[in-house]
Amino acid sequence: MPELPEVESLRRILARSATGLTIVSAKVLEPRLRRKVSHDFEAAIAGRRIEALARRAKYLILQLAGGDALLVHLGMSGSLTHRPGKAGGPAFADHDESLDPAHDHVEFRLDDGSRIVYNDPRRFGLLKLVPAGALDSTVELRGLGPEPLGKAFSAEYLALKARGRRVAIKNLLMDQRIVAGIGNIYAAEILFRAAVRPTRRSGRLSRAEIGRIAAATPSILREAIGKRGTTFRSYRDSRGQPGGFSSRLRVYGREGEPCYTCSTPIRNVIVGQRASFFCPQCQK
DNA sequence: AAACATTCCTGCACGC
DNA sequence: TGCGTGCAGGAATGTT
């Protein structure tokens with residue numbers, strides 16, 4: 001569940017369920033993620049209280065007592081689930097249907113008997129403890145563009161970044177240095193709403209087209225957050241619930257199916273090695 | 001069984 | 001020639 005709306009949904013859920021709880025202990029079952037989880041991770045995490053939940057781009061940030069932050073990225077296939085403790089039974093009684101022991105890589109036991117589990121079949125994700133004050137300068141977050149839901153992301157900004165660029169607009173939107181948090185699904189949906197083909201060269205777009213893209217971006221993302229993100233296949237949020245935005249997708253994954261607006265079959269072309277869905281009638 | 005929601009790295013082409 | 005930048009391509013990996 002990796003793009004911005006999914007991470008933001010996760011942040012909101014965890015903010016309600018986990019803020020104020022203390023991580024009694026952490027257990028790393030499989031350290032080989034995108035980068036190896038450091039060997040002192042367990043000791044460094046133990047005893048920390050979760051003060052707040054934040055997000056930057058597709059990164060979830062657990063603000064810990066003392067100012068350090070736990071940076072979490074879900075990669076392609078990661079999930080973070082908060083599982084209640086079993087009343088009356090051992091906290092780790094494993095009859096939970098949602099349990100996936102083969103890919104549960106890190107477990108955090110909390111002081112109310114619940115636990116937060118990081119699961120990631122493809123192990124492209126990341127868990128990293130960042131010292132207080134070093135968050136903005138850490139390699140993962142340094143160099144990220146503005147948040148698409150913030151004031152800094154505007155038509156003027158996008159026009160500035162698109163000027164003279166030959167890259168396809170879809171690749172520009174997915175470039176985390178330009179704007180943070182947009183991936184393949186939402187780039188496709190944003191461009192459909194903006195009526196611009198994903199293959200268009202960024203520098204060739206009119207001011208009106210740039211304006212529509214800049215307007216569609218927060219609009220699509222907010223709508224997806226409201227639906228708790230998009231669920232593909234077996235993906236679930238931190239309470240095990242599927243996201244509700246899948247049924248709202250206008251083009252993503254709909255190759256050959258009729259456009260909801262004009263009935264023209266949706267097409268799929270490869271742009272920058274990624275599937276790119278669009279309506280050839282509605283998007284120019 | 002080909003496709004895949006992620007990031008990161010390499011190497012080529014081009015311009016100054 | 002040398003350097004920086006833009007861009008394409010591929011790798012990492014397991015599931016469906």
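In the text below, chain A, chain B and the rest are named by the order of the sequence lines, each starting its count at 1.
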Pairing of A/R250 and A/E189 as salt bridge, 4.0 angstrom limit: no

Can you tell me how far P in C/dT13 sits from the matching atom in B/dA1, rounded to whole Å? 22 Å

In whole Å, what is the span from the CZ atom of A/R274 to the C1' atom of B/dT6? 7 Å

Of all the choices, B/dT7, C/dG14, B/dT6, which nucleotide is nearest to the side chain of A/H103 once you look at every atom? C/dG14

Between A/Y59 and A/A275, which is nearer to the 5' end of DNA chain B once each is assigned its nearest nucleotide? A/A275

Can you tell whether the side chains of A/E147 and A/R55 come within less than 4.0 Å, N to carboxylate O? yes

Whole-Å distance separating the CG atom of A/L74 from the P atom of C/dA12: 22 Å

Quick one: A/N119 CG to C/dG14 P, roughly how many Å, whole number? 13 Å

A/E6/A/K227 salt bridge by N-O under 4.0 Å criterion: no

Taken to the nearest whole Å, CZ/A/R177 to C1'/C/dC7 is 10 Å

Gap between atoms CD and C1', on A/E3 and B/dT6 respectively (whole Å): 9 Å

Any side-chain donor paired with an acceptor under 3.5 Å for A/R83 and A/S114? no

Counting only heavy atoms not in A/D136, do more than 12 fall under 6.0 Å of its CG? no

Measuring to OP1 and OP2 of B/dT6, would you say a side-chain N or O of A/H73 lies under 4.0 angstrom away? no

Over how many whole Å does the gap from A/R122 atom CZ to B/dT6 atom P extend? 11 Å

Could you please name the partner base of C/dG9, counting Watson-Crick and G-U wobble pairs only when both distances are under 3.5 Å? B/dC9

Using atom CZ of A/F124 as one end and atom P of C/dT15 as the other, report the distance to the nearest whole Å. 12 Å

Do the side chains of A/E30 and A/K36 get close enough for a salt bridge, i.e. N-O under 4.0 angstrom? no

Nearest to the side chain of A/R123, which nucleotide is it out of B/dT6, B/dT7, C/dG14? C/dG14

Report whether A/Y157 and A/I169 are members of the same hydrophobic cluster (ILVMFWY, side-chain heavy atoms less than 4.5 Å apart, transitive linking). yes

Within residues 157-171 of chain A, those residues having any heavy atom closer than 4.0 Å to DNA chain B are none

Measure from the side-chain heavy atoms of A/R34 and tell me the nearest of B/dT6, B/dT7, C/dT13. B/dT7

Separation of B/dT7 C1' from A/L126 CG (nearest whole Å): 10 Å

